[in-house]
Amino acid sequence: MQPGVVFAQDYQYMCSEAGQNIIKDAIKTHGLTGVVVCSCSPRMHEATFRKAAAQAGLNPFMVEIANIREHCSWIHKDKEEGTEKACVLMRAAVAKVTLNAPLKAGESKVVKRALVIGGGIAGIQTALDIADAGFPVDIVEKNATIGGRMAQLDKTFPTLDCSSCILTPKMVEAKANENIRLITYAEVEEVSGFVGSFKAKIRKKARFVKEDVCTGCGVCMSKCPSKKGLNEFNMGLNNRSAIYIPFAQAIPNVAVIDKEQCIKLKTGKCGLCQKVCTAGAIDYTQQDEFIEEEYGAIVMATGFRPIDASKFDEYSYSTCKDVVTSLELERIMNAAGPTGGVLLRPSDGKHPHSIVFIQCVGSRDVSGRGKPYCSKICCMYTAKHAMLIRDKYPDVEVHVFYIDVRTPGKNFDEFYRRAAEQYDVDYIKGQVGKVYEENGQLVVRGVDLISNEQIVLNADMVVLATAIEPDPTARKVANMLTASIDTNDFITEAHPKLRPVESPTAGIFLSGVCQGPKDIPETVSQAGAAASKVIGLLAKDKLTTNPCVAHSDELLCNGCSCCEKVCPYSAISYETKLINDHGVKETRRVAMVNEALCQGCGACTVVCPSGAMDLKGFSNKQIMAEVDAICL
Amino acid sequence: MQRVSERVIARARELMREGTVNKVAGWKAGEFFYDCAPYVFESEESLKDLVYDRFCAANLSKYMIKNSVAAGAEGGKVLVLLKPCDTYSFNQLLTEHRIARENVYVLGVGCEGMCDIDRIREKGFKGITGVDENADGKTLTVHTLYGDGEVAIDDVLVNKCEFCKGKAHMIFDELISDNEDEGPRGDRFAGVRELEAMSPADRFAFWQSELSKCIRCNACRNACPACSCRKCVFDNDASGIASKANTDSFEEKMFHIIRAFHVAGRCTDCGECTRVCPQGIPLHLFNRKYIKDINEFYGEYAAGAEAGQRGPLINYTVDDIEPAAVSDKGGN
Amino acid sequence: MSVNADWKPRIVAFCCNWCSYAGADLAGSSRLAYPADVKIIREPCSCRVNPMFILKAFERGADGVILCGCHPGDCHYSTGNYYTRRRMALLFSMLDYIGVERGRTRVEWVSAAEGAKFSRVMNDFVAQIRELGENVKVGDLRCKE
Amino acid sequence: MQMSEKDVAALVKEISGSDVKKCMKCGKCSATCPAYGEMRFHPHQFVAMVARGRVEELLKDPTVTRCLSCFACVERCPRGVEPANVVAAIRVLAEREQEGNNFSPADVPKLLSQDPEIPQQALVSAFRKYRK
């Protein structure tokens with residue numbers, strides 16, 4: 001046995017009730033001052049064992065875990081080698097635990113207000129659920145209206161009900177709810193603080209329209225002489241005026257002026273909208289405003305966008321107008337879209353007779369042009385599009401090139417089969433190699449892998465099921481929130497299975513596609529899950545803080561300020577005070593750590609030249625002892 | 001240097017007499033002419049022992065940590081004589097809030113290079129009784145028991161002056177100097193490059209041979225202005241480094257490497273460590289390696305060039321070089 | 001290279017709790033094997049790794065030390081690994097300068113999602129150390145025979 | 001020494017440097033192939049057959065030379081499989097088979113007269129062999 005070890009026991013399921021009882025009994029029977037559990041990762045059960053120790057009267061921070069599962073038995077095939085390594089890991093943990101000191105968690109406040117970043121269906125649903133529980137919520141939306149991507153969709157699968165018919169009531173509800181404040185046309189600029197008390201600075205961009213005065217009558221839009229702006233809501237397929245309301249059901253139903261496009265703002269001349277506005281809502285002098293607010297929890301619901309299809313020049317997206325993305329097709333199919341819901345091809349406004357859908361454009365692509373993941377929603381929306389077109393225009397031939405058709409989800413496969421069987425959509429197993437224009441005719445060259453033939457099809461329109469990627473703001477927001485992000489810019493969850501709506505950063509929650517590709521029902525259920533986590537947090541009056549924080553020994557502190565400069569939380573400040581060093585009294589400058597702000601990273605400990613700064617729970621001596629034990 | 005010397009001493013006396021300062025940190029001749037040691041003079045009378053000659057290499061900045069505070073407590077000021085290179089250390093200590101600036105009167109003193117008695121001896125002189133600087137300012141007359149001889153000053157400079165950083169003072173309240181700044185002298189990284197060109201095994205052998213000479217007298221640490229912690233980590237049990245009794249310890253073996261890292265980014269290359277080492281270990285080769293790397297990786301940085309700088313190790317840029325990329329550079 | 005046939009490299013890996021330690025956990029749960037010579041020490045952040053720990057490891061006979069943290073920009077503590085990057089660049093350069101080859105020290109950024117990368121990095125690092133053979137006796141730096 | 005078909009397949013992988021396991025069977029290589037109609041086996045089949053260790057038929061197939069080495073398949077493969085390199089590896093191996101030549105140098109003029117469109121690749125391969 002290792003020096004200091006008085007009791008050792010083997011048990012298969014240490015984390016079980018019975019296993020925990022063994023630990024509790026041992027602590028009481030042997031009067032243990034430290035416990036080492038050789039088990040799975042501390043990221044899994046450290047909290048469990050610490051709680052058990054506490055129940056037996058031992059300070060929970062006198063427990064250390066030797067990770068002999070994920071870091072040992074699961075990866076080493078050679079039993080002898082593995083066992084040897086397990087012993088070393090145990091030795092290191094014992095060496096550490098003998099130097100552990102009892103720690104006591106502090107307390108910090110919980111601001112009972114939540115911030116939701118993003119006002120799509122994910123953000124709206126999360127906010128509604130939090131608000132319903134009685135907590136105030138702010139939704140910050142970068143666009144002029146809430147609604148997000150779902151507002152742009154025509155119908156939804158697999159029920160084929162109208163997207164805005166089910167979304168609009170939620171948007172209205174968000175506006176009407178007393179606990180929800182909508183901050184549209186705004187972006188979060190800065191976030192500081194930590195779980196329970198974040199401070200956010202929000203920039204509300206100038207709309208040049210008084211939000212509380214505008215009635216949304218729309219007269220300004222019709223009178224505006226500058227009508228050449230690309231209509232973002234319609235994916236740039238038609239134009240809008242410089243002053244505009246994004247779409248009929250926009251919330252808030254308030255106009256906004258595009259300052260790059262507005263003649264008055266660019267040249268000082270015009271001012272027509274101001275003249276026609278009977279409410280007097282137009283204000284060309286409006287400036288960006290800043291809102292500063294404290295929040296107990298923050299939800300990221302930053303959503304997605306389709307990737308740029310022009311990277312795939314073999315599909316001729318940038319050269320042929322009749323090659324469109326699926327989201328563009330949504331707008332073409334939509335009654336409020338550029339064609340009033342009539343299927344007309346963009347180049348000449350004629351009715352198409354043959355449409356080819358290409359799936360997996362940029363999804364499952366490791367060539368560097370696309371995304372390595374499956375975008376998850378494309379198989380289903382392509383089936384939806386194919387079915388809707390065949391239903392409304394039976395004269396149109398529809399071909400779908402697919403690699404796999406992925407339809408896990410309630411009623412999803414049945415939906416796809418209906419498209420193929422009842423609506424006679426031609427599903428071709430294979431990819432398209434090239435789309436090109438020949439004598440004014442779109443030609444699609446693909447392959448049918450089942451019949452093993454290359455197929456050349458004439459098409460009037462080609463629809464690309466482009467991959468989706470996280471909204472480009474996600475990375476910036478995640479960095480601001482110190483939430484970790486994966487190589488595809490999706491936000492990492494605290495645990496892929498067990499904590500899917502939380503970020504590893506305490507107090508940050510995930511809702512919707514910012515966490516990974518998902519469809520509307522999944523988004524809504526995740527939004528609800530994130531809300532319930534937020535509610536659970538906001539329902540608390542106090543939070544216990546991590547006791548593994550930095551601590552400065554004022555007898556050793558030189559007062560050099562190195563630590564202060566590297567602290568990411570401004571948790572270190574300097575104070576000139578009377579120091580009594582074993583009877584020698586001196587007034588000098590020393591570092592002080594604010595334990596509520598300190599998150600325990602340890603950056604300060606390394607820059608401290610005198611070694612005055614140390615980290616509780618990961619002290620210099622403890623880590624040195626671990627190194628020692630490993631290199632024995 | 002004769003003329004500057006006389007003016008410096010006269011001005012120190014004057015400042016003391018006027019009451020501008022009540023203490024003077026300078027150099028005092030010891031038993032031998034060449035062992036001019038740092039000394040804090042507390043009366044005008046005692047200033048008769050103040051010297052400033054070719055053997056006043058000691059850097060007095062570090063003494064300001066205690067003396068500036070003490071002077072303040074007594075309601076006075078301390079005068080410190082700083083050569084150009086010493087001012088870097090002084091600034092660095094100001095950056096680190098170690099010196100009560102308001103209690104210090106900095107008299108910048110011109111310097112034309114300090115001489116190393118051992119190097120004079122190496123020139124074959126025995127029984128040296130004294131050294132006089134010749135009027136040309138370039139040679140010394142060496143008086144010995146066996147007659148006089150002459151030696152070129154450039155040949156007997158201490159290491160730090162061989163690679164002088166320049167004749168400009170980075171900070172002063174008053175300046176007595178006739179020198180024009182000619183910029184740095186020699187290539188101070190030549191020694192580092194020589195080592196870098198060797199194989200790792202040869203480098204290890206080199207350092208093993210040098211560091212085995214070390215007797216752990218702590219002279220380097222005691223003279224170093226960057227090594228000015230209230231309590232050194234080597235003496236602090238909680239640091240996980242110190243272990244006083246056991247000689248076969250981590251601290252004992254890695255002393256110089258640890259020390260070099262502790263002063264990395266803060267070391268002004270004042271050269272005191274090498275100068276004071278009784279075993280002649282070229283300790284500056286550690287410090288200059290860090291300085292060279294810092295300059296190459298993160299851009300030129302001179303610790304102490306001004307007070308309040310943010311040192312390279314408490315700073316970063318988002319696109320800093322990766323340690324892996326460093327591996328591909330230089331060395332083996 | 002190595003004269004000692006029984007020699008097995010001693011490798012210490014410092015991993016930050018939020019990314020690399022979790023990445024190592026993922027390597028484990030995905031059963032992505034790497035040699036048992038690697039022993040992991042958990043740190044809150046890569047910036048907690050004091051160069052003293054690395055010197056200690058080498059002094060105690062380690063053949064290689066690898067430090068893993070979140071990708072720059074993704075640090076759980078936002079800036080910790082930026083400092084790590086500077087410290088380690090300088091420390092490793094210094095270690096090389098005293099005769100510990102650069103191949104024996106490494107910094108890798110491994111996210112919590114990169115179990116495969118963790119395993120690959122460890123396999124690669126161990127292979128590299130095996131190639132280099134036994135390290136110089138850093139502990140004898142001041143003990144010339 | 002006689003190599004088994006499996007060993008030959010392994011050799012193809014080695015020569016081509018292509019990881020055929022990466023293929024997700026989307027067929028974009030064949031969809032994109034301008035020589036599709038002239039080849040008995042198509043790019044995706046090369047990848048699939050090599051993955052299954054079925055190289056014998058590929059080695060015997062004279063239309064293997066019809067690949068233009070245009071690298072469109074390499075360019076457009078979303079998984080980085082590089083089918084053209086697999087085809088090239090097959091060709092290299094076919095050339096290496098001293099006895100089982102698809103061409104002999106003497107055949108070249110005849111082949112040319114029969115088919116003036118014969119791909120340059122075929123001729124180059126033959127000339128490469130000539131020099132031995």
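A, B, ... follow the sequence lines: proteins, then strands. Residue 1 opens every chain. Quick note: numbers below take in every heavy atom, side chains included, and nothing from hydrogens, waters or symmetry partners.
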Side chain from CB out, backbone as N, CA, C, O: work out which of these in [X] comes under 4.5 Å of a heavy atom of chain C, or both, or neither.
X	value
Phe206(B)	neither
Asp202(B)	neither
Leu285(B)	both

| query | Could you state the interatomic distance from CD (Glu59(C)) to CE (Met254(B)), rounded to the nearest 0.5 Å? | reply |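 Those atoms lie 7.0 Å apart.
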
| When rounded to the nearest 0.5 angstrom, what distance separates CZ in Arg86(C) from OH in Tyr316(B)? |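 Rounded to the nearest 0.5 Å, the CZ-OH separation comes out at 10.0 Å.
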
| message | For Val318(B) and Tyr82(C): C-alpha separation, side-chain torsions, deciding distance, then whether side chain to side chain contact (heavy atoms under 4.5 Å, CB included) applies. | response | CA-CA 7 Å; Val318(B) 172; Tyr82(C) 288 130; 3.6 Å; yes

| task | Answer yes or no: are there more than 12 heavy-atom neighbours, outside Gln279(B) itself, under 6.0 Å from its atom CD? | result |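 More than 12 heavy atoms, drawn from other residues, nucleotides or ligands, come within 6.0 Å of this atom.
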
So which heavy atom on [X] is nearest to which on [Y], and how close?
X	Y	answer
Ile314(B)	Tyr83(C)	C-CE2, 3.6 Å
Ala89(C)	Tyr298(B)	CB-OH, 3.5 Å
Gln208(B)	Cys143(C)	NE2-O, 3.7 Å
Leu90(C)	Tyr290(B)	O-CE2, 3.6 Å
Tyr97(C)	Leu195(B)	OH-CD1, 3.3 Å
Leu141(C)	Ser212(B)	O-OG, 4.0 Å

| Residue among Lys213(B), Arg216(B), Glu210(B) satisfying side chain to side chain contact (heavy atoms under 4.5 Å, CB included) with Arg142(C) |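 Looking at Lys213(B), Arg216(B), Glu210(B), the match for Arg142(C) under the side chain to side chain contact (heavy atoms under 4.5 Å, CB included) is Arg216(B).
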
| field | Contacting moiety of Arg106(C), where chain B heavy atoms sit under 4.5 Å | value |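 For Arg106(C), there is no contact with chain B at all, as no heavy atom is under 4.5 Å.
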
| Portion of Leu91(C) that has a non-hydrogen atom of chain B nearer than 4.5 angstrom |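 Answer is both: backbone and side chain atoms of Leu91(C) are under 4.5 Å from chain B.
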
| field | Backbone of Pro200(B) reached by a side-chain donor or acceptor of Glu101(C) within 3.5 Å | value |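 No.
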
| query | Has the side chain of Arg203(B) got a donor or acceptor atom that lies under 3.5 Å from a matching backbone atom of Asp96(C)? | reply |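 Yes: the side chain of Arg203(B) pairs with the backbone of Asp96(C).
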
| field | chain C contacts, top residue of Ile294(B), Ile257(B), Asn315(B) (heavy-atom pairs, under 4.5 Å) | value |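 It is Asn315(B).
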
| Max heavy-atom pair count under 4.5 Å with chain B, selected residue of Leu67(C), Leu95(C), Val100(C), Thr79(C) |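 With the most close heavy-atom pairs to chain B, the winner is Thr79(C).
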
| task | Could you name each residue pair satisfying salt bridge (Lys or Arg N to Asp or Glu O under 4.0 Å) that touches residues 63-85 of chain C, not counting sequence neighbours? | result |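 Those involving residues 63-85 of chain C are Arg475(A)-Asp74(C), Glu322(B)-Arg85(C).
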
| query | Which is it for Phe261(B) and Arg87(C) under the side chain to side chain contact (heavy atoms under 4.5 Å, CB included) test, yes or no, and what are the steps along the way? | reply | CA-CA 9 Å; Phe261(B) 193 85; Arg87(C) 285 169 197 159; 4.2 Å; yes

| field | Residues of residues 42-55 of chain C near chain B, each having a heavy atom less than 4.5 Å away | value |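 Under the 4.5 Å heavy-atom cut-off, Pro51(C), Met52(C), Leu55(C) qualify.
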
